[in-house]
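Each remark here refers to the structure printed beneath this line.
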Amino acid sequence: EITKEQRALIKAILDAYNRHQIPQDVTKKLLQEQYSAEENFLLLTEVATSQVQVLVEFTKNIPGFLSLDREDQIALLKGSAVEAMFLRSAQVLSKKMPSGHIEVLEERIRKSGMSEEFMTPMFNFYKSIGELHMTQEEQAILTTITILTPDRPYVKSHEAVERLQETMLEVLRKLCVLQHPQEPQYFARLLGRLTELRTLHHYHAEMLTSWKTNDHKFTPLLCEIWDVQ
Ligand SMILES: CC(C)c1onc(-c2c(Cl)cccc2Cl)c1COc1ccc(-c2ccc3c(C(=O)O)c[nH]c3c2)cc1
């Protein structure tokens, strides 16, 4: 069913996904620092910045990514960063982590000066990801598929990206059949999450604007990847 090449692909992606993680000293801060809207925003900004650095390193390990046009590589990273971070934070929130972590992260996101209207869709997404009980491989490959989305702004060689994404979609389809035999619709449900991610991406652009109007500062890396300021 899964070919030797596809197995190698899964291994390469999973290794990269597990190798590139936010350093403990950054995520530990989420547990330690005190609570205030300002402090929460600062902490989330620090974690997001670290997550983007991790994302860039992970992306370099996606087979075929570095042979894409250089400008397309940047366009894919800029276009997928928010969605990859929604996926990553969703996986963290649904992991059976030491209980402190989960409430703390959720609490800090809820109290970071974000307007109420984004909370509902965001936490519905977190809940829907949690209910899927994705395996590590599925999480890593779904993140890869999100990054390899051909119709991001400014992508020139659409076909080259589409070919890479299709390869990963086929791998994910086979994995879902193997790992969730009792749920024939599981693969379709995973792809449905990608649609939800696009909606959250739009909400996020508005979140950035409202944070900016309240004079919130971002790091240079976030400003660059999100075209703010
Ligand atoms: C600039 C700030 C204010 C911002 O703007 N939009 C969003 C934002 C929000 Cl508020 C929600 C979704 C996506 C984004 Cl970009 C954010 C905060 O983004 C993140 C990104 C990533 C984590 C995150 C990742 C990994 C782990 C982890 C582990 O690996 O062990 C343990 N704890 C983790 C935490 C949290 C928050």
Name the one of Phe125, Phe118, Trp226 that satisfies ring-ring contact (aromatic ring centres under 6.0 Å, His included) with His204?
-> Trp226
Is atom [atom1] of [X] surrounded by more than 12 heavy atoms (other residues, nucleotides or ligands) closer than 6.0 Å?
{"X": "Tyr203", "atom1": "OH", "result": "no"}
{"X": "Gln32", "atom1": "CD", "result": "yes"}
{"X": "Lys11", "atom1": "NZ", "result": "no"}
{"X": "Tyr154", "atom1": "OH", "result": "no"}

Validation row: [X], [Y] side chains within 4.5 angstrom (heavy atoms):
{"X": "Ile109", "Y": "Met122", "answer": "yes"}
{"X": "Val155", "Y": "Pro150", "answer": "no"}
{"X": "Ile145", "Y": "Leu169", "answer": "yes"}
{"X": "Phe218", "Y": "Lys212", "answer": "yes"}
{"X": "Met168", "Y": "Leu9", "answer": "yes"}
{"X": "Ile10", "Y": "Val171", "answer": "yes"}
{"X": "Lys174", "Y": "Thr3", "answer": "yes"}
{"X": "Val54", "Y": "Gln21", "answer": "no"}

Out of curiosity, [X] [atom1] to [Y] [atom2], how far, rounded to the nearest 0.5 Å?
{"X": "Thr143", "Y": "Gln91", "atom1": "OG1", "atom2": "CD", "result": "5.0 Å"}
{"X": "Leu43", "Y": "Leu31", "atom1": "CG", "atom2": "CG", "result": "10.0 Å"}
{"X": "Glu83", "Y": "Glu196", "atom1": "CD", "atom2": "CD", "result": "11.5 Å"}
{"X": "Leu77", "Y": "Ile225", "atom1": "CG", "atom2": "CD1", "result": "5.5 Å"}
{"X": "Arg7", "Y": "Leu175", "atom1": "CZ", "atom2": "CG", "result": "8.5 Å"}

Inspect the contact between Asp25 and Lys29 and indicate whether a charged nitrogen and a carboxylate oxygen are less than 4.0 angstrom apart.
-> no
Any Lys/Arg nitrogen of Arg189 or Glu131 sitting under 4.0 Å from an Asp/Glu carboxylate oxygen of the other?
-> no
Closest heavy-atom contact between [X] and [Y]?
{"X": "Ser128", "Y": "Arg193", "answer": "OG-NE, 3.3 Å"}
{"X": "Tyr126", "Y": "Ser89", "answer": "OH-OG, 2.8 Å"}
{"X": "Leu148", "Y": "Val161", "answer": "O-CG1, 3.5 Å"}

Is there a donor-acceptor pair closer than 3.5 Å between any side-chain N or O of [X] and the backbone N or O of [Y]?
{"X": "Glu137", "Y": "Leu14", "value": "no"}
{"X": "Arg108", "Y": "Leu30", "value": "yes"}
{"X": "Thr120", "Y": "Glu117", "value": "no"}
{"X": "Glu138", "Y": "Cys176", "value": "no"}
{"X": "Thr149", "Y": "Arg152", "value": "no"}
{"X": "Asp69", "Y": "Glu71", "value": "yes"}
{"X": "Thr144", "Y": "Ala140", "value": "yes"}

Ring geometry between His180 and Tyr186 (parallel below 30°, tilted from 30 to 60°, perpendicular above 60°) = parallel
What residue pairs, at least two apart or across chains, pass side chain to side chain donor-acceptor pair (under 3.5 Å) with a residue in residues 159-170?
-> Glu170-Arg173
Apply side chain to side chain contact (heavy atoms under 4.5 Å, CB included) to Asp215 and Lys217, showing your working.
-> CA-CA 6 Å; Asp215 202 26; Lys217 290 273 169 288; 3.1 Å; yes
Under 3.5 Å, is there a donor-acceptor pair between the Thr219 and Thr49 side chains?
-> yes
Test log, rule side chain to side chain contact (heavy atoms under 4.5 Å, CB included), inputs Leu93 and Leu105 = CA-CA 8 Å; Leu93 285 167; Leu105 178 60; 3.8 Å; yes
Establish, yes or no, whether the cationic atom of Arg110 lies under 6.0 Å from the six-membered ring centre of Phe123 and within 45° of the ring axis.
-> yes
Side chain to side chain contact (heavy atoms under 4.5 Å, CB included) assessment of Lys60 paired with Leu66 | CA-CA 6 Å; Lys60 285 178 189 167; Leu66 292 178; 4.1 Å; yes
Determine, using the 4.5 Å side-chain heavy-atom cutoff (strictly less than), whether Ile13 and Val177 are members of one ILVMFWY cluster.
-> no
Go through the steps to decide whether Thr146 and Phe86 satisfy the test side chain to side chain contact (heavy atoms under 4.5 Å, CB included), and finish with yes or no.
-> CA-CA 11 Å; Thr146 307; Phe86 263 106; over 6 Å; no
